[in-house]
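Here is the structure we will look at.
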Amino acid sequence: MTTTADRAALDASGLAQSARTNLWMHFTRHSAYDETDVPVIVRGEGAYIWDARGKRYLDGLAGLFAVQVGHGREELAEAAARQTKQLAYFPLWGHAHPTAIELAERLAAASPGDLNRVFFTVSGGESVETAWKLAKQYFKLVGKPTKHKVISRALAYHGTSQGALSITGIPGAKADFEPLVPSTLRVPNTNFYRAPEHADDYAAYGRWAADQIEQAIEFEGADTVAAVFLEPVQNTGGCFVPPPGYFARVREICDKHDVLLVSDEVICAFGRVGYDFAAKRYGYQPDIITTAKGLTSGYAPLGAVLASERLMEPFTHGATTFMHGSTYGGHPVSCAVALANLDLMAREDIYGHVLSREAAFRSTLDKLTDLPIVGDVRGAGFFYGIELVKDKATKETFSAEESERVLRGFLSDALFEAGLYCRADDRAEPVVQLSPPLICDQAQFDEMEQILRDTLTQAWKLL
């Protein structure tokens, strides 16, 4: 007699086999599944997800830094259904529809300063692509056509399309796709744990890191540089937070040289660090904000570029047109989901919850610093990185072989098998990244800490 559990196992095996045969997964080493099943996630509720075999996992990454309000929120599904019945699709090419209008108005009202113009996209990478194109055309329209270059930080991730990947500062992510779009430059990031200068003075280090941006502008020539793209808290490398005064100095530099400051908040906006826009938390005024992910809590694909009135002004005259757009940018259903998501976050005070619980999350993760493999814990809000080391005294990192063997060969699978979905990343120094749904509380913090403690203890024995 075939039991319900037997049928579930058979269904799971069939799904995994079909995935292995037909599905080309993103950022995936497919040979890893030559002799093992592809994990198939079939359901989510709150802070947890379930695989096809019925096993539960704590979603320690909010899907991909996106599921702010948790899984299974019926009000978001209902908003999508209502909009689908009324107007399932219409483009924003010379026309408008109510959900895009309402959402643009709402985002403009919440944005810092006069970022009143909202250009909708489908994803974070597309938002970055849009921002660069906007910067280049804007400077042409105001009589500065040689300003087209972009500065970003080492190891920063800004997307995978040709333009966004060119801005990305991860060499390994770019090598197979060279040559990319020219005219992008890299400056140091704000990883104070590995500060090459002022390692004993956080504020001085921040000033030094910001000054590297001015040096790059001056070296290239201010008349050639259009924009600086910066994440409020840098993702790749493990949640680098800005030192005191860093963004104030960057704003000063950008104003001096007429360079646009783009705040890439694809991850950091909509509550990830406790604010609707992270620029507010760190006290700076961008010229452009790029967003996606948490705008809909991942329930529908949508991104947005918020631009200042100054940038829009040249496009309001005569035949001038921003020759850019996409089929699904500002999709009516996605905008309806975003509106419902923002309503839900306001009703449940999600931002306030993050700010009130971030210290507890941080202190729980800080317990892991008693492990010899944990070098640093850093981040903000519900967005943290744990840097792993071989030697805490010297901060010696893993060799390439050790990273392959310990992170890829053990840690990623072991954490998942133990019931925690998160990211073990070695695009820079080895880190474990945590970015759980914003509804999490102490029970989930403790669960993450215990799984990490057990699994990192095992990983240390493999070094």
Side-chain angles (χ1 to χ4, degrees), residues 25-29 32 38-41 44-51 55-68 70-71 157 233-240 267-268 272-273 293-294 297-298 354 357-358 360-369 371 373-389 398 403 406-460 462:
M25 292 173 286
H26 299 199
F27 290 98
T28 298
R29 186 182 292 186
V38 175
V40 180
I41 305 303
E45 182 179 338
Y48 295 89
I49 53 176
W50 282 260
D51 69 15
K55 183 175 178 178
R56 189 185 80 163
Y57 306 84
L58 174 58
D59 183 359
L61 207 62
L64 196 62
F65 315 102
V67 188
Q68 315 294 63
H71 299 274
Y157 176 85
V233 179
Q234 183 173 316
N235 175 32
T236 303
C239 301
F240 305 148
I267 289 176
C268 290
R272 183 54 51 193
V273 296
K293 295 188 184 291
S297 280
V354 171
R357 303 306 294 155
E358 71 171 333
F361 189 22
R362 173 62 183 263
S363 65
T364 303
L365 295 179
D366 277 341
K367 295 178 182 178
L368 297 168
T369 58
L371 298 177
I373 198 172
V374 174
D376 192 31
V377 175
R378 53 183 177 255
F382 277 23
F383 187 32
Y384 282 91
I386 301 169
E387 184 169 334
L388 308 181
V389 293
F398 295 2
S403 189
V406 177
L407 256 73
R408 292 180 178 273
F410 171 74
L411 194 56
S412 292
D413 290 341
L415 286 167
F416 190 68
E417 184 62 28
L420 176 61
Y421 168 67
C422 60
R423 171 183 276 176
D425 189 6
D426 64 348
R427 290 176 295 179
E429 272 72 38
V431 297
V432 174
Q433 286 184 291
L434 297 165
S435 176
L438 306 184
I439 59 171
C440 286
D441 216 321
Q442 193 60 49
Q444 286 77 41
F445 304 159
D446 290 340
E447 186 176 354
M448 282 184 265
E449 192 272 341
Q450 189 57 59
I451 293 173
L452 285 163
R453 177 171 296 278
D454 293 344
T455 310
L456 291 173
T457 298
Q458 297 176 58
W460 175 252
L462 299 176

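Atom-to-atom distance recorded for R453:CZ and K367:NZ is 8.0 Å, nearest 0.5 angstrom. To the nearest 0.5 Å, atoms CZ (R357) and CG (L438) are separated by 13.5 Å. The OG1 atom of T369 sits 10.0 Å away from atom CD1 of I386, with the distance rounded to the nearest 0.5 Å. Rounding to the nearest 0.5 Å gives a distance of 9.0 Å between CG of D366 and CG of D376.
Residues V374 and L452 form no side-chain contact, since every pair of their non-hydrogen atoms from C-beta on lies 4.5 Å or further apart. The shortest side-chain heavy-atom distance between R272 and F382 falls under the 4.5 Å cut-off. Side-chain atoms of F65 and R423, non-hydrogen and from C-beta on, do get closer than 4.5 Å to each other. You'll find the side chain of I41 stays beyond 4.5 Å of the side chain of H71, heavy atoms only. Residues Q444 and P436 have side chains not in contact (no heavy-atom distance under 4.5 Å, counting atoms from C-beta outward). You'll find the side chain of P39 stays beyond 4.5 Å of the side chain of D51, heavy atoms only.
Nearest heavy atoms, L58 versus A47: CD1-O, 3.4 Å. Across Q68 and G294, no two heavy atoms sit closer than the pair CG-CA, 3.6 Å. Across all non-hydrogen atoms, the minimal contact from K293 to A66 is CB-CB, 4.0 Å. Heavy atoms only, all atoms of each residue included: P437 and D59 are closest at CD-O, 3.0 Å. Listed here is the closest heavy atom pair of G381 and V354: CA-CG1, 3.8 Å.
Here the rule is side chain to side chain contact (heavy atoms under 4.5 Å, CB included) with T364, and of M448, E447, E449 only E449 fits it. The side chain to side chain contact (heavy atoms under 4.5 Å, CB included) with W460 is formed by just one residue from the set L371, I373, V406; it is I373.
Relative ring orientation between F445 and F361 is described as parallel, the plane-to-plane angle staying below 30° on a 0-90° scale split at 30° and 60°.
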Show the numbers, then the answer: is there a side chain to side chain contact (heavy atoms under 4.5 Å, CB included) between L411 and L388?
CA-CA 11 Å; L411 194 56; L388 308 181; 3.7 Å; yes
Working for side chain to side chain contact (heavy atoms under 4.5 Å, CB included), residues V67 and L61
CA-CA 8 Å; V67 188; L61 207 62; over 6 Å; no
Would N235 and F383 satisfy side chain to side chain contact (heavy atoms under 4.5 Å, CB included), going step by step from the backbone distance to the final call?
CA-CA 9 Å; N235 175 32; F383 187 32; 3.9 Å; yes
Would D454 and Q450 count as a side-chain hydrogen bond (donor to acceptor under 3.5 Å, both in side chains) if you check the C-alpha gap in whole Å, the side-chain angles of each, and the deciding distance to 0.1 Å?
CA-CA 6 Å; D454 293 344; Q450 189 57 59; 3.0 Å; yes
Could you tabulate the donor-acceptor pairs under 3.5 Å formed by side-chain atoms of residues 412-422, not counting sequence neighbours?
{"unit_1": "S412", "atom_1": "OG", "unit_2": "L407", "atom_2": "O", "d": "3.4"}
{"unit_1": "E417", "atom_1": "OE2", "unit_2": "K55", "atom_2": "NZ", "d": "3.3"}
{"unit_1": "Y421", "atom_1": "OH", "unit_2": "G63", "atom_2": "O", "d": "2.8"}

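Applying the salt bridge (Lys or Arg N to Asp or Glu O under 4.0 Å) test to R427 and every residue at least two apart in sequence or in another chain returns D425.
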